[in-house]
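All remarks here apply to the structure that follows.
Ligands are counted one by one from 1 in listed order, and the atoms in each one are counted from 1 as well. Please read all numbers here as calculations on a predicted model, not as lab measurements.
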Amino acid sequence: MAATDRITSLSDVPDSSTFCFRVRNGNDDEREAILVRDGTDDVACWLNYCQHFTHINLDKGSGAPMRDGEIVCANHGAYFDADSGQCTFGPCEGAYLTAIDVAVDDGVVYLTDEAYEFVGPGPIETDDADRTSTSNVEF
Ligand code: FES
């Protein structure tokens with residue numbers, strides 16, 4: 001796997017939260033993705049957007065909350081199975097997070113999805129001071 005596809009070390013992916021990074025699909029704007037542990041030696045990867053309101057980030061910049069192996073959306077409490085991406089509870093129950101292909105090799109997580117290129121670690125820089133809000137009221 002190419003060094004340019006290296007996302008991070010497996011040890012940087014927390015046990016009970018998520019690791020956020022940025023990808024680009026062709027000429028589209030950057031998007032955020034999250035890595036989540038799938039067992040001890042593997043990870044799953046999803047675009048960092050709730051399926052209830054897709055402008056809402058699951059990981060708001062400091063890791064998404066998790067409970068019993070599920071990613072929790074802080075806005076309305078939807079639960080997403082970390083392994084399958086399926087919403088198991090909440091207003092978008094039955095919907096799936098959008099998957100991105102990754103692979104772990106020798107303790108390093110690589111982006112293997114040909115539709116995306118790796119941009120960098122961390123969330124998209126924004127002037128939105130309200131990024132961590134759980135409010136859905138827009139002005
Ligand atoms: S925005 Fe995620 S559950 Fe409503």
Side-chain angles (χ1 to χ4, degrees):
M1 281 172 259
T4 53
D5 297 328
R6 181 190 190 280
I7 301 170
T8 191
S9 297
L10 179 61
S11 60
D12 289 338
V13 183
D15 286 332
S16 56
S17 188
T18 54
F19 178 94
C20 184
F21 67 102
R22 304 181 308 282
V23 294
R24 180 176 287 118
N25 180 347
N27 293 326
D28 290 350
D29 290 339
E30 290 182 15
R31 306 203 72 191
E32 292 182 7
I34 51 174
L35 297 173
V36 59
R37 289 271 184 174
D38 182 11
T40 54
D41 294 330
D42 206 0
V43 294
C45 185
W46 313 106
L47 284 180
N48 185 26
Y49 305 98
C50 185
Q51 294 300 297
H52 181 213
F53 290 142
T54 54
H55 66 286
I56 298 294
N57 297 107
L58 296 168
D59 181 334
K60 297 178 186 297
S62 57
M66 291 188 67
R67 186 169 297 160
D68 297 330
E70 297 194 291
I71 303 164
V72 181
C73 177
N75 282 54
H76 306 110
Y79 279 55
F80 295 91
D81 181 81
D83 183 32
S84 70
Q86 183 178 23
C87 180
T88 62
F89 175 82
C92 48
E93 187 171 339
Y96 284 84
L97 299 174
T98 303
I100 296 181
D101 295 334
V102 296
V104 178
D105 184 37
D106 200 22
V108 176
V109 185
Y110 292 93
L111 180 65
T112 57
D113 197 317
E114 294 184 1
Y116 294 93
E117 67 178 278
F118 177 67
V119 176
I124 294 170
E125 294 286 330
T126 176
D127 293 334
D128 183 2
D130 202 30
R131 179 182 171 88
T132 58
S133 170
T134 56
S135 170
N136 293 305
V137 178
E138 296 181 9
F139 297 96

Report yes or no: is the cationic atom of R31 (NZ for Lys, CZ for Arg) under 6.0 Å from the centre of the six-membered ring of Y49, at an angle within 45° of the ring normal?
-> yes
Calculate the angle formed at atom 2 (Fe) of ligand 1 by SG in C73 and SG in C50; 10° precision is enough.
-> 110°
V36 vs W46 side-chain heavy atoms within contact, under 4.5 Å | yes
Metal proximity, H52 vs atom 4 (Fe) of ligand 1, N/O/S cut-off 2.8 Å | yes
Examine the proximity of ligand 1 to C92 and report which part, side chain or backbone, both or neither, has a heavy atom under 4.0 Å away.
-> neither
Using a 4.0 Å cutoff against the non-hydrogen atoms of [X], which atoms of ligand 1 qualify?
{"X": "P91", "result": "3 (S)"}
{"X": "N75", "result": "1 (S)"}
{"X": "A78", "result": "3 (S)"}

Check H76 and report its N/O/S atom nearest to atom 4 (Fe) of ligand 1, by atom name.
-> ND1
Is it true that the side chains of D59 and T18 contain a donor and an acceptor less than 3.5 Å apart?
-> yes
Residue pair K60 / N48, side-chain donor-acceptor N/O under 3.5 Å | no
Look at atom CG of D28 and say whether more than 12 heavy atoms of other residues, nucleotides or ligands are closer to it than 6.0 Å.
-> yes
Verify the cluster assignment for Y116 and V104: are they in a single hydrophobic cluster under the rule of side-chain heavy atoms below 4.5 Å apart?
-> yes
